[in-house]
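Below is one structure, written out as structure tokens, with a few remarks after it.
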Amino acid sequence: MFIRIINVIFIFIFLSFVASADSDIDQWEDSDKTYNDLINEGFKVKAYDMNTLETENGFFLMFFVTVLQKDKEVYECQEYQTLDQTMQTIDLSLICRKLVEPY
């Protein structure tokens, strides 16, 4: 009986920690910085990746991810570009995010 009470108490303690956990924890914090800002501040490109998808209506979706680092600061920039059949840009967006705690 004593073991059962201990188990129930342990479960309640465990569930209270889970229930109060922050579900919006992210390791990347949005930034207003651009590629140009980061390069001017001394950041160097450490990694780069690009993917392209063609849609059924002939549009091209291009995704670029660039990782920049200066000392222990790290940014990841994501660029999304939509091109038509003549390779003219229809839409372009860029977001750079800084690596932050908790990770």
Side-chain angles (χ1 to χ4, degrees):
M1 181 69 169
F2 181 71
I3 298 293
R4 197 174 265 179
I5 292 172
I6 297 293
N7 286 338
V8 169
I9 291 172
F10 176 75
I11 289 171
F12 279 118
I13 291 172
F14 176 75
L15 289 177
S16 68
F17 284 119
V18 173
S20 65
D22 187 354
S23 62
D24 194 27
I25 292 177
D26 194 359
Q27 66 182 353
W28 297 101
E29 179 180 90
D30 288 356
S31 169
D32 292 331
K33 296 188 185 224
T34 64
Y35 286 130
N36 190 54
D37 296 334
L38 294 168
I39 297 298
N40 287 338
E41 291 176 18
F43 284 84
K44 304 290 183 198
V45 174
K46 296 295 182 173
Y48 180 80
D49 190 30
M50 180 185 119
N51 288 304
T52 304
L53 299 170
E54 184 176 0
T55 64
E56 289 181 13
N57 57 2
F59 291 119
F60 292 93
L61 306 174
M62 300 177 78
F63 308 100
F64 304 90
V65 177
T66 307
V67 177
L68 300 102
Q69 182 177 4
K70 180 177 81 171
D71 300 324
K72 292 187 177 187
E73 284 185 89
V74 176
Y75 280 83
E76 177 187 79
C77 296
Q78 299 174 3
E79 182 179 338
Y80 306 95
Q81 188 171 8
T82 305
L83 306 166
D84 65 12
Q85 296 88 347
T86 64
M87 300 307 281
Q88 295 295 315
T89 300
I90 296 172
D91 186 38
L92 175 71
S93 64
L94 171 75
I95 182 72
C96 290
R97 295 182 171 104
K98 183 178 182 179
L99 182 64
V100 294
E101 289 293 337
Y103 305 105

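The figures that follow rest on heavy atoms only: side chains count, while hydrogens, waters and symmetry mates do not.
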Could I get the full list of side-chain contact (heavy atoms from CB on, under 4.5 Å) partners for Leu92, not counting sequence neighbours? Glu79, Gln81, Thr89
Using the rule that Ile, Leu, Val, Met, Phe, Trp and Tyr join whenever any side-chain heavy atoms are under 4.5 Å apart, tell me whether Met62 and Tyr48 fall into a single cluster. yes
Using the side-chain contact (heavy atoms from CB on, under 4.5 Å) definition, which of the options Ile39, Leu38, Asn40 pairs with Asn36? Asn40
Does the side chain to side chain contact (heavy atoms under 4.5 Å, CB included) test come out yes or no for Ile90 and Leu83, once each step is laid out? CA-CA 5 Å; Ile90 296 172; Leu83 306 166; over 6 Å; no
State, yes or no, whether a side-chain contact exists between Cys77 and Leu68 at a heavy-atom distance under 4.5 Å. yes
Value for CG (Leu94) from SG (Cys96), rounded to nearest 0.5 Å, stands at 4.5 Å
Could you pull out all residues at least two apart from Gln88 that satisfy side-chain contact (heavy atoms from CB on, under 4.5 Å)? Asp84, Thr86
If you take all heavy atoms of Gly58 and Glu54, which pair is closest and at what distance? CA-OE2, 4.2 Å
Please walk me through it: do Asp30 and Ile95 pass side chain to side chain contact (heavy atoms under 4.5 Å, CB included)? CA-CA 7 Å; Asp30 288 356; Ile95 182 72; 4.2 Å; yes
side-chain contact (heavy atoms from CB on, under 4.5 Å) partners of Asp49, counting only residues at least two apart: Asn51
Quiz question: by atom type and distance under 3.5 Å, do the side chains of Gln27 and Arg97 form a donor-acceptor pair? no
Hydrophobic cluster membership, Tyr35 vs Val67, 4.5 Å side-chain cutoff: no
Mind checking side-chain contact (heavy atoms from CB on, under 4.5 Å) for Asp32 and listing every partner two or more places apart, or none if nothing turns up? none
dist Leu53:CG -> Leu61:CG (nearest 0.5 Å) comes out at 6.0 Å
According to the salt bridge (charged side-chain N to carboxylate O under 4.0 Å, His left out) rule, which pairs have a member within residues 65-78, sequence neighbours left out? Glu73-Lys98
Given Trp28 and Leu99, is the side chain to side chain contact (heavy atoms under 4.5 Å, CB included) satisfied, shown in steps? CA-CA 5 Å; Trp28 297 101; Leu99 182 64; 3.6 Å; yes
Going by the ring-ring contact (aromatic ring centres under 6.0 Å, His included) test, which pairs reach into residues 58-78, not counting sequence neighbours? Phe43-Tyr75, Phe63-Tyr80
